[in-house]
Amino acid sequence: MASRFNPLKADAHWQKVWDEGGTFRARDDSARPKSYVLEMFPYPSGRIHVGHARNYVMGDVLARYKRMKGFEVLHPMGWDAFGMPAENAAIERKVHPGEWTRANIDAMRGQLKLLGLALDWSREFATCDPAYYGHEQALFVDLFEAGLVYRKDSEVNWDPVDMTVLANEQVIDGCGWRSGAPVERRKLTQWFLKITDFADELLEGLADLDQWPDKVRLMQENWIGRSRGMKFRFALAGGDESVEVFTTRPDTIFGASFVAVSPDHPLALGLGKGDAKIADFIALCKRGGTTAAELETAEKLGFDTGLKVAHPLDPTWELPVYIANFVLMDYGTGAIFGVPGHDQRDFEFATKYGLPIRRVVAAGPEDADKPITGEAESGEGVLVNSRFLDGMDVESAKAAVIARAEAEGWGEGTIVWRLRDWGVSRQRYWGTPIPIVHCQACGAVPLPKDQLPVVLPEDIDFEAPGNPLDRHPTWKHVPCPACGGAALRETDTLDTFVDSSWYFIRFASQPADRPFDRAVAERWLPVDQYIGGVEHAILHLLYARFWTRALRRLGMLDLAEPFQGLFTQGMVTHLTHRDADGNWLLPEEAEAAKAAGEAVVAGRIEKMSKSKKNVIPPEPIVEQYGADALRWFLLSDSPPERDLQWTDAGIEGAWRFVQRLWRLASAEERGEGEDEALDRKLHQTIAAMGANIEALAFNKAVANIYELANAIEKAAPSASRIAAIRTMLRLVAPMVPHVAEEAWAALGHNGLIADVPWPEADPTLLVEDEVTIAIQVNGKLRDTVRAPKGAAREKLEAMAVENENVRRILAGAAPRKVIVVPDRLVNVVA
RNA sequence: GCCCCUGUGGCGGAAUUGGUAGACGCGCUCGACUCAAAAUCGAGUUCCGCAAGGAGUGCCCGUUCGACUCGGGCCAGGGGCACCA
């Protein structure tokens, strides 16, 4: 055996062996139990760095481990290949988005292959392949026909120069990020998916996702935002019309001092038509930006319409109707009743416009006349100044008001959701074309499936602003599928989140003629372990859950939840450097500048990003240290859910470990006889490693191996030692597969270590027969003694009381009490 | 503003149900090998103290024979949502 492990040769060799042998192909017809391990598939933005690598290596360890445990493992890889960066590249560099994307995919695939991942590459696809998005179009048509797709007008951020819709993140200080032109709010007719139809089950379903982080479940729960409350109507004075409002605090109904409607409310819009002042006010409200910062500082503005409404519980009580900028049209009913005493926004509004502030909740009846000053009181208490509600607690009063409203017919208890329907239209080229044709006679007609896929035209230009699909001379002109008359294609494309809402199903099953084969998909799904960044905690994971449930409702797939286990891993961070002028420097530039005596400022340790020039690509690391050292470092030290700081010392340490492993295996000495202590350590390690890998606690698994390696190095030659070394190779094989294969072969084994079953821990070796007992006085450690496992309480107590240190501290006094925890400790209470 | 999470050596971090705090790694110190270096090996490394001993898991209280762990109140850092009625 060579004295040093040469990863340059070994990595390539074993990767070729795995590849040619189809080692990691997932067989649909295997009799083994299945395990589906999936990392969130990457967007092909250019190159991966070690932060991405960490993500894939974690999944890889689990996939390889499950395989050794006897599972048929599906561990696929593909590309989330549609999206804006490709269009930006097209505009900036005059390359076709498809060309740019496919070049990136090739480069990134090459990078991933350097890591020696146990992937089934035969299932690879990119979402920009018509063979993928064509099926997505078919599914969209299915959803359309099931009534889960509809069109409606929706407000968007519109860049008048680039003639395009902007996402909120692309609006900077109220201007388009590229053009710099002031963004307008414009109404466009857009396609929506009825995710709100599933709000209830998406919320309820979270309870069953016990292998998801609590944090993510909570975030989804808040995002779905179920609020229980009451809708009720205020009759407009002098007419039959009424204004419907929603509240979560029906108990405060006697604290009302005004009604306010959104500037987008039909009542406001109607009034605006006949009144220039109202129209101006509405326009004023719309002018403000939509960013969070602007909303936070925006002043509460109101316009008194002069209209009055009657209080539903007292027809003689009239309230003014305002149009107010802080009332949102798309939550609740777009109208509220204001209770300044117990709602901070209403308080500010009432203070500004001189409206009454009534107390209806107080700490006790004696505080009924205590004025409310400074800010609204939103806490608990008892009802006061509220007629039939007086004396009730808040919850009882809510129920009482709802009961009365329902009995009298002017309102009802209800639930409203924060979740809104999913707008999927994007006025962009590089996405899945929406398979709809607009016909003058027939309206919006979905394309029959035999006319799918609708393929993106290749001959497009990005010279002019706007959507190239819309400008294309011929593409959009098609006959209507229903009547055959002249019609126009929908030129919007689907949000890329649609592409990622079902790719995991397509990985499991990819027939040519339909999106998936139900039986095969159901064999593999759900994904047993999904791994990805927490930045997708809400949108992607919620959309995928929705899509899966929609397919179930359509009878296409018997599956409620797509991802049984979810793990959100931390990022890889790295030191940043700047020069004296504040420009970011690459690590090697910083070195050079330091050597040249120039000023270099070490910046903060931050997430790797191109702009901050602190990215570490995998290639030079793999070249210098090998894939295993990189893998080992990415798994060491930090718990996987936390950030890992990239350091040279860290990768050096991992490299040393890989060599140490090799040395241990190659210096395997002859030896006979048993070494019971080492046998114990080995089997304890087998048990701990298995548990830690299944819990994705890779940093602890790494520590288990170090402990075992230390024990083996200290042990004298023996048969046990030889067995320990060979077993250790099997234990590390999922983490450092190349050196494990190389050593396994060098020790004379035929066949791959990847195919060797995971070792079984011998339960009789997991327990020690002698244990260390802590001797405490008043809970403080005073000594430790060795005792046989299972020693009698009396015996342990005697050992403690007679202990030299204990006697010295007791100084002749009798202990008040002695607590014995068998096999652990004795605590003498003085 | 509302909701949530996290605070342990010089650093990353371990610690079943409350039961020997600091496993393991990095770094550092000393030593061995070497002409020398790298690599490797050995010893040490929470703090104060020569030692005996004392203190110690963000801070303050509490429960307990015993608290990193449980309860209450603060402080600091991070995250999510945000004119959501």
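Letters go in sequence order (proteins before strands), and every chain restarts at 1.
Nucleotides B:rC4 and B:rA85, compared at atom C1', are 23 Å apart to the nearest Å.
Comparing atom distances between the A:R420 side chain and each of B:rG13, B:rC84, B:rC65 picks out B:rC84 as nearest. Of the candidates B:rA85, B:rC41, B:rG13, the closest approach to any side-chain atom of A:T248 belongs to B:rA85.
For A:R418 and B:rC81, the shortest distance from a side-chain N or O to OP1 or OP2 is not below 4.0 Å. Not one side-chain nitrogen or oxygen of A:K215 sits closer than 4.0 Å to the OP1 or OP2 atom of B:rC5. Put simply, A:R642 has no side-chain N or O that comes within less than 4.0 Å of OP1 or OP2 on B:rG79.
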For this session: Heavy atoms under 4.0 Å is the rule here; annotate nucleotides 15-32 of chain B 5' to 3' with B where the base is hit, S where only the sugar-phosphate is, and - elsewhere.
Result: S-B-BB--BSSSS-----

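Applying the 3.5 Å distance criterion, the base of B:rC84 shares no donor-acceptor pair with the side chain of A:R345.
A:M571 places its CE atom 11 Å from the C1' atom of B:rG79, with the value rounded to the nearest Å. Atom pair A:F337:CZ and B:rC83:P shows a separation of 21 Å (rounding to whole Å applied).
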Problem set entry | Secondary structure of RNA chain B in dot-bracket form (Watson-Crick or G-U wobble, distances below 3.5 Å, | marking inter-strand pairs) | (((((((..(((......[....)))((((((.......))))))(((....)))..(((((..]....))))))))))))....

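A heavy atom lying under 4.0 Å from RNA chain B marks none of the residues of residues 793-807 of chain A.
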